[in-house]
Amino acid sequence: MIITIVGGGSTFTPGIVKSIALRREELDVTEIRLFDQDKERQDKVAVVVDWILHEELKCGIKLTTTTDAETAYTDASFIFAQMRVGKYAMREQDEKISLRHGCVGQETCGCGGMAYGMRTIFPMMQVIDDADKYARPDHWILNYSNPASIVSEACRKLRPNARIINICDMPIAIIDVVAAAMEISDKKNIVYDYFGLNHFGWFTSIEYKGKDLMPALRKYIKEQEILLPAAYLKDKTALSANSTSNANRHSKGSWYYVWKGIYEIMENFPEMLPNTYLNYYLQQKEFVEHSDVNHTRANEVMESREKNLFDGIDRYLATGEIDENVFYAGSHGDWIADLAIALKNDTKARFLVITENRGAIPNMPYDAMVEVPAYIGKNGPEVITQGPIPLFQQGLMMQQLNSEKLLVEGCIEGSYEKVLQAFTLNKTVPSMNVAKAILDDMIEANKGYWPELK
Ligand code: NAD
Ligand code: G6P
Ligand code: MN
């Protein structure tokens, strides 16, 4: 059984490989292939991957690294995709161009997310077509490549029969934080309900061993004035952007504000637990105020996760010593590997996935790509029906959904007007003229990545 990782040079590759290797019996995996366009970067990452497979875990899984699509996909059963089209250099542009115009500058939300989406749609179709051509007919593509919401809408529209499931690690990262805050060690006993679009959703219930956790959680968030475990708040390295450990990465550096933002949102709307990403839409002005246009999250990541990994590899090559903290990926790797197990072994385990609505949320369009719980078996997700959602959430979701749909249509048709409508409709943008100014700067910065807009 072959698993191919697209974006083999990603900072998350070693952590994902470790999660796969720890599950090698359930997955029956014999070979892992790394595929990337950047040979030099991938070859470096492969050093630590080789160490994990053959030194640390001493397992017989074969490792192949390639920049050739046919070699990468031939006979693969699973394709785990995690490309960053344009890499951190373009993430930095996405964030900084938006901020320069006074708007939220974020990897996947607002104008930055839309710019990243315009770069990623066609490379993602290439992955689907190559997998279709070379991989096993019953292959599955599990996609983390962002912006997952826009990517999933493009997949639905352009390749409706593709064997792809788009996923996100944020809800599970939130559950990890909830577990730590509530001092729960066996987080597998936490069951939750959730609805939304990707990076745009709400937990409607969280239970631990059948007991409602929401009252205790609301009390905790109100008392702490933040949703972060008390232990992290006392420990500076758990919050420092420059910490050399990748553990608890979602609490580090500027991530702090979104956990604070959960408290702020719940002061007004206490019923549901919002995804951290809702801050960019509900507190857009405040986000811009505490952002530094000269130093954004892209800079933090380049100075920490990326630097630590590549310095760690150089150190290993020079001294033979390795520090696992530099590639730790925790739930991020476990989630995708567990999803593959559910598909392969038809377990019907419950996962949150991004999937076509088809009536699961009756007051959202049939064809909306929503993020909801589903049972996962060999034929893919069996979505759990949610029932109608309240007007506030539905209104926010419709605005965001239509912005994303217009973006995908505009990208496919090469329509400047539709892309401008997408930017104008987005809740992070205050006026049509600001939308136009950002779009024009984004077109300039994305030359060679975006289709031409007329
Ligand atoms: P990274 O830049 O370290 O790695 C991305 C790799 O993708 C690079 O090695 C790059 O060369 C490669 N790449 C770019 N375009 C490619 C193409 N067309 N074909 C093959 N490879 C290509 O980035 P990272 O921070 O490790 O993140 C990787 C991806 O995972 C990003 O898209 C990020 O947004 C995503 N991510 C998603 C989630 C989620 O919840 N969905 C969580 C974490 C990360
Ligand atoms: C979460 C989200 C991802 C996003 C990542 C960014 O995990 O679910 O979709 O890519 O955060 O994290 P970073 O550390 O790169 O800012
Ligand atoms: Mn995500």
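Ligands are counted one by one from 1 in listed order, and the atoms in each one are counted from 1 as well. Throughout, residue positions are numbered sequentially from 1 according to the sequence presented. All values below come from the heavy atoms of this structure, side chains included, with hydrogens, waters and symmetry mates left out.
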Indicate yes or no: does an N/O atom of [X] lie under 3.5 Å from an N/O atom of ligand 1?
X: D38; result: no
X: S145; result: no
X: D169; result: yes
X: H199; result: no
X: I167; result: yes

Nearest to [atom] by heavy atom, [options]: which?
atom: atom 17 (C) of ligand 1; options: M83, M124, R84; answer: M83
atom: atom 30 (O) of ligand 1; options: K44, Q82, R119; answer: Q82
atom: atom 1 (C) of ligand 2; options: H250, K252, E300; answer: H250
atom: atom 7 (O) of ligand 2; options: D169, N198, T108, I174; answer: D169
atom: atom 5 (C) of ligand 2; options: Y88, Y277, Y116; answer: Y277
atom: atom 3 (C) of ligand 2; options: V258, N146, I172; answer: N146
atom: atom 31 (C) of ligand 1; options: F12, Y144, Y116; answer: Y116
atom: atom 3 (O) of ligand 1; options: K39, R41, E306, R91; answer: R41

Q126 heavy atom under 4.0 Å from ligand 1: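 Flag not set, Q126 not near ligand 1.
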
Heavy atom of T120, distance to ligand 1 below 4.0 Å: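 So T120 does not count as touching ligand 1.
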
Within 6.0 angstrom of K344 NZ, more than 12 heavy atoms from elsewhere: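 For K344, atom NZ is crowded (more than 12 foreign heavy atoms under 6.0 Å).
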
Greater than 12 external heavy atoms within 6.0 Å of E289's CD: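 Result for CD/E289: enclosed.
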
Parallel, tilted or perpendicular: ring planes of H199 versus Y277, cut at 30 and 60 degrees: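 Geometry flag for Y277 against H199: parallel rings.
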
Give the residue, atom name and distance (to 0.1 Å) of the protein heavy atom nearest [atom].
atom: atom 11 (O) of ligand 1; value: D36 OD1, 2.7 Å
atom: atom 12 (O) of ligand 2; value: R249 NH1, 3.0 Å
atom: atom 16 (C) of ligand 1; value: Q37 OE1, 3.6 Å
atom: atom 24 (P) of ligand 1; value: Y88 OH, 3.3 Å
atom: atom 43 (C) of ligand 1; value: H332 CE1, 3.3 Å
atom: atom 4 (O) of ligand 1; value: S10 CA, 3.1 Å

Subset of ligand 1 atoms that lie under 4.0 Å from at least one heavy atom of R305: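 Going through ligand 1 atom by atom, the ones under 4.0 Å from R305 are 25 (O).
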
For E107, the ligand 1 atoms whose distance to one of its heavy atoms is below 4.0 Å: 33 (C), 34 (O)

I16 side, atom CD1; H332 side, atom NE2 - distance, nearest 0.5 Å: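 With rounding to 0.5 Å, CD1 (I16) is 4.0 Å from NE2 (H332).
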
OG-CD1 distance between S145 and I167, expressed to the nearest 0.5 angstrom: 10.0 Å

Shortest non-hydrogen separation from C411 to V419 and the atoms involved: N-CG2, 4.1 Å

For D75 against R136, the heavy-atom pair lying closest together: O-CG, 3.5 Å

Applying a strict 4.0 Å limit to heavy atoms, is [X] in contact with ligand 2?
X: R91; value: yes
X: H332; value: no
X: C168; value: yes

Carboxylate-amine/guanidinium proximity below 4.0 Å for D68 and K39: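 A salt bridge is absent here (no side-chain N lies under 4.0 Å from a carboxylate O).
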
Results of side-chain hydrogen bond (donor to acceptor under 3.5 Å, both in side chains) for Y208 - residues two or more places apart only: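 Once residues adjacent in sequence are excluded, the partners of Y208 under the side-chain hydrogen bond (donor to acceptor under 3.5 Å, both in side chains) criterion are D186.
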
Those residues that, when tested against N146, pass side-chain hydrogen bond (donor to acceptor under 3.5 Å, both in side chains) (two or more places apart):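 If we apply the side-chain hydrogen bond (donor to acceptor under 3.5 Å, both in side chains) test to N146, skipping adjacent residues, there are no hits.
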
R297, portion touching ligand 2 at heavy-atom distance under 4.0 Å: side chain

Region of Y144 engaging ligand 2 - heavy atom pairs below 4.0 Å: neither

Qualifying salt bridge (Lys or Arg N to Asp or Glu O under 4.0 Å) pairs with a residue from residues 98-117, counting only residues at least two apart or across chains: R84-E107, R91-E107

Sum of protein N, O or S atoms, each under 2.8 Å from the Mn ion (ligand 3):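 Total protein N/O/S atoms under 2.8 Å from the Mn ion (ligand 3): 2.
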
Check: Q126/D130 side-chain N/O donor and acceptor closer than 3.5 Å: yes

Note, E303 side chain near N299 side chain (heavy atom, < 4.5 Å): yes

Those atoms of ligand 2 less than 4.0 Å from some heavy atom in E107: 4 (C), 5 (C), 6 (C), 10 (O)

L34 and its side-chain contact (heavy atoms from CB on, under 4.5 Å) partner, picked from T67, T64, T66, T13: T13

